[in-house]
Amino acid sequence: MCGIVGFIKNQKDEELIESFTNSVSHRGPDFIDYKIIKIGKFYLHLGSARLSLRGDSSENMPMIGKDGNIIVYNGEVFDLKSLKQKLNNNKQYTGDTRMLLDLLSNDEKDINQVNGMFAFAFYSNKFKKLFLGRDKLGIKPLHFVKKNNEEIFFSSEMSSLINFSNTKLDISESSLKQLLLFNGSIQNTTLFNDIKTVQPGQLVSFDILNENKEYLETTTSINSLDYIEDYSDFGTLIEEVIEDHLVADSSVDLFLSGGIDSSLLAYITKKKLDKDIRHFSMTFENQSYDEKNLIMRVSDELNLNSKIFTFDNKNINNYVNEAIENMNSLVLDYSFVPTYLLSKKTSQFTKAVISGDGADELFGGYEWYRAVRFFNILPPSLLQIFKKIFNTLLIPSSNGKYMDSFTKLNYFFKYISTDPYIQTIIWQSADKNFSESKVQLISENISQYISNDLSQRDNLRNIDLNIFLYSNVLPKIDTASMKNSLEIRPPFLDERIIKFALSSKKSNEVGFLKTKKYLRNYLEGTNLEFVSNAKKHGFGFPLQEWLKNGGKDEIKEMFLDRNLVYLSKDKKYIKDLIFNSSINESNSRELWAYFVLSKWFDKHSIKVN
């Protein structure tokens, strides 16, 4: 895993590219270097900070081929054997960077052939073009800006791009509204008017010799994947995938939460692949957030080497401040805090872990799958009656427990749309000040992922894969882990597993009481069968406790001192939320979103039009 940066200017600027590259050194501290290439009257500057996990020093970057082509690359190819076969050459490779360079040196530039998580910048010496590319899910980030029609800047991280490109940071109210609705930037949108994000599966090309630097885009999509026909046995496939994800020149360990996803990875690694593996876990003093009993039971059953860290409530303010200070790309999901802390502590022992990320999206793991089943049973007229009753009688929980029944009911009936797909976004959103215009905005953004030819569950999965995974999960994982020089490998997001899940009619099946039935069934009859009966549990932290112990006071000070109200046109709503509302599970996420936005915007001197 690495950090990559670069720019095109009409003059050589060694000092800038050195500083720019060093700004992402935390993503790859093992080898840091840059190159400057003169192309006509322009200079291409490329920088890389490498986290060395696979391959020797010949894999260092920027990497230059015999034909003068150059690459800087951030990521991992999941299936090296398959890619080697597609290249159809007799070369010996020690890692995946030179493989990718050889693939891109073919005129087709077909990144659709690559199964992995990646972002890269590739210079074609033949065509004098710069290509920026990204994997089909958008697991690894890449942002760019075109300035004055001739300068191009790009970076793995938004913060470094902002700091070194000297770009005017204009943000529109509509972009901000979308950010709050979806808890992050969704595909084909960008928070800033001048900064763009390479979209999942997109290949963007810049003609360096063209002074206007016009660019062309091609895009592949996870939705266009062919269904898999080679495997009828999920067990055989997942074993093969996990074995590939454990390949490295140093140890690859495991994030274990005690849930079905990471426990399944632990079971296969130890029992099926016969590999010793360490697990790293986070426990909480607040019992409603804690899964220590499950974690330790899984660890003991499999005889794993465990390293468990504790989220100490007395340090909660320090955890929050440190996490946000190190948030190099904007993340509104409040589970960023424990994810950052776990990544920081884990990085002291290892360079890489596998995790269960992506299983919820592929195998129907979220609570809104169950909620939609209840939603479908009740007629719309009855839903509206229940909405009025529950909004009158239900007081959102303020007991500090994690997603208790009162909180779930409050989320369910806070705002009811007659469209179940729209309703799932409403349940996910930190924004609870809904209006018809916001509902319309949701509808416009999710319509492309809904097909009359698919079942409701499959449409929900498409929305999860293309919106929730992209806007919430992936930015959180990359930002939290790479700030700490830790690579997180997600076997469930391997293209082979995605194809299998999309081709299986039962893969995202849910019941009224349980989600992820397919994965639970896999563990039935094993010594981890107890995990298959456990309830779904998220990975958060005691947000209400932070708000009650200084967090809300800090938000009030931000409102008064730095005019936090500029974040929305609805000034009265935000003021009432901050000053007049009591703290509860329902509004704490909304308070958190405004807090993070204000802190991040102030840090980068961002103004809202």
Determine whether a donor-acceptor pair (N or O, by modelled atom type, separation under 3.5 Å) exists between the side chain of Thr197 and the backbone of Thr190.
no
Between Asn472 (side chain) and Asp333 (backbone), is there a donor-acceptor pair under 3.5 Å?
no
Closest non-hydrogen contact found for Thr189 with Gln178 is CG2-NE2, 3.3 Å
Just how far is it from atom CD1 of Ile463 to atom CD of Glu361, taken to the nearest 0.5 Å?
12.5 Å
Is Ser160 reaching over with its side chain to a backbone N or O of Ser23, donor-acceptor style, under 3.5 angstrom?
no
Step through the shown structure and confirm whether more than 12 heavy atoms of other residues, nucleotides or ligands are within 6.0 Å of NZ on Lys35.
no
Under a 4.5 Å cut-off applied to non-hydrogen side-chain atoms, are Lys345 and Lys307 in contact?
no
Distance col, row Asn74:CG vs Ile139:CD1, nearest 0.5 angstrom, shows 11.0 Å
Got Leu519 and Phe234 here, is their nearest side-chain heavy-atom distance under 4.5 Å?
yes
Search all heavy atoms of Arg496 against all heavy atoms of Leu237 and return the closest pair with its distance.
O-CD2, 3.6 Å
Would one find more than 12 heavy atoms of other residues, nucleotides or ligands at under 6.0 Å from atom CD of Glu444?
yes
Looking at every non-hydrogen atom in both residues, tell me the closest pair between His45 and Asp13 and how far apart they are.
NE2-N, 3.0 Å
Classify the ring geometry of Phe153 against Phe7: parallel below 30°, tilted from 30° to 60°, perpendicular beyond 60°.
parallel
Once the angle between the rings of Phe280 and Phe349 is folded into 0 to 90°, is it parallel (under 30°), tilted (30 to 60°) or perpendicular (over 60°)?
tilted
Less than 4.5 Å apart, any side-chain heavy atom of Leu104 and any of Asn69?
no
If you count every heavy atom of other residues, nucleotides or ligands that lies below 6.0 Å from Lys603 atom NZ, does the total exceed 12?
yes
Quick one: which of Ile71, Asp67, Leu100 gives a side chain to side chain contact (heavy atoms under 4.5 Å, CB included) with Ser105?
Asp67
Heavy-atom distance under 4.5 Å between the side chains of Phe120 and Val114, does that happen here?
no
Side-chain touch Met327/Val596, heavy atoms, less than 4.5 angstrom:
yes
Tell me whether the rings of Phe122 and Phe131 are parallel (<30°), tilted (30 to 60°) or perpendicular (>60°).
tilted
Kindly indicate, with the supporting measurements, whether the criterion side chain to side chain contact (heavy atoms under 4.5 Å, CB included) is fulfilled by Ile186 and Leu181.
CA-CA 10 Å; Ile186 59 176; Leu181 276 177; over 6 Å; no
May I ask you to decide if Met117's main-chain N or O and Lys136's side chain share a donor-acceptor pair within less than 3.5 Å?
no
Just by modelled atom types, is the Lys344 backbone N or O under 3.5 Å from a matching donor or acceptor in the Ser347 side chain?
yes
How many angstroms lie between OG1 in Thr269 and CG in Leu246, if you round to the nearest 0.5 Å?
5.0 Å
Are side-chain heavy atoms of Leu161 and Thr167 found at a separation under 4.5 Å?
no
What residue pairs, at least two apart or across chains, pass ring pair (Phe, Tyr, Trp, His ring centres under 6.0 Å) with a residue in residues 16-35?
Phe20-Phe164
Gln187 and Gln199: side chain to side chain contact (heavy atoms under 4.5 Å, CB included), yes or no, with the steps?
CA-CA 6 Å; Gln187 294 183 37; Gln199 297 303 307; 3.7 Å; yes
Separation between CG (Asn326) and NZ (Lys483), nearest 0.5 Å, reads 4.5 Å
Is atom CG of Asn10 surrounded by more than 12 heavy atoms (other residues, nucleotides or ligands) closer than 6.0 Å?
yes
Smallest heavy-atom separation, Thr97 atom then Glu59 atom, equals N-OE1, 2.8 Å
Backbone of Gly40 reached by a side-chain donor or acceptor of Lys38 within 3.5 Å
yes
How long is the straight-line distance from CD1 of Ile8 back to CZ of Phe144, given to the nearest 0.5 Å?
11.5 Å
Apply salt bridge (Lys or Arg N to Asp or Glu O under 4.0 Å) to the pair Asp464 and Arg461, showing each step before the final yes or no.
CA-CA 5 Å; Asp464 279 346; Arg461 174 163 53 190; over 6 Å; no
Between Asn484 and Ser343, a side-chain donor and acceptor under 3.5 Å
no
Here the gap from Leu46 atom CG to Leu130 atom CG, rounded to the nearest 0.5 Å, amounts to 7.0 Å
In this structure, are over 12 heavy atoms from other groups packed under 6.0 Å from Lys12 atom NZ?
no
Of all heavy-atom pairs linking Gly358 and Leu469, the shortest is CA-CD1, 4.5 Å
Can you pull the salt bridge (charged side-chain N to carboxylate O under 4.0 Å, His left out) pairs that have at least one residue in residues 89-98, sequence neighbours excluded?
Arg54-Asp96, Lys91-Asp102
Measure across Lys351 and Ser250 and return the closest heavy-atom pair with its distance rounded to 0.1 Å.
CD-OG, 4.2 Å
Assess the residue pair Phe192 and Met158 against the criterion (side chain to side chain contact (heavy atoms under 4.5 Å, CB included)); give the C-alpha distance rounded to whole Å, side-chain angles, the decisive distance to 0.1 Å, and a yes or no.
CA-CA 11 Å; Phe192 303 103; Met158 188 68 77; 4.0 Å; yes
Ser257 and Ser262 side chains, donor-acceptor separation under 3.5 Å:
yes
Return yes if a side-chain donor-acceptor contact under 3.5 Å exists between Ser335 and Lys476, otherwise no.
yes
Ignoring hydrogens and angles, tell me if any N or O in the side chain of Lys147 forms a donor-acceptor pair with the backbone of Ser165 under 3.5 Å.
yes
Exam field: side chain Ser48 to backbone Pro62, donor-acceptor pair closer than 3.5 Å
no
With a 4.5 Å heavy-atom cut-off, do Leu341 and Val337 have their side chains touching?
no
Donor-acceptor pair, distance only, cut-off 3.5 Å: does the side chain of Asp478 make one with the backbone of Leu474?
no
If you count every heavy atom of other residues, nucleotides or ligands that lies below 6.0 Å from Asp274 atom CG, does the total exceed 12?
no
Of Asp135, Asp79, Asp494, Asp244, which meets side-chain hydrogen bond (donor to acceptor under 3.5 Å, both in side chains) against Asn115?
Asp494
Can you confirm whether Leu176 sits close enough to Leu179 that some side-chain heavy atom of one is under 4.5 Å from a side-chain heavy atom of the other?
yes
Check the surroundings of atom CD in Gln348: do more than 12 heavy atoms from other residues, nucleotides or ligands lie under 6.0 Å from it?
yes
Output all residues satisfying salt bridge (charged side-chain N to carboxylate O under 4.0 Å, His left out) with Lys270, sequence neighbours left out; order by chain, then residue number.
Asp276
Does any N or O in the side chain of Asn148 come within less than 3.5 Å of the main-chain N or O of Glu150, such that one atom is a donor and the other an acceptor?
no
Let's go through Leu362 and Asn508 carefully: what are the C-alpha distance in whole Å and the side-chain angles of both, what is the deciding distance for side chain to side chain contact (heavy atoms under 4.5 Å, CB included) to 0.1 Å, and is it a yes or a no?
CA-CA 7 Å; Leu362 283 168; Asn508 62 345; over 6 Å; no
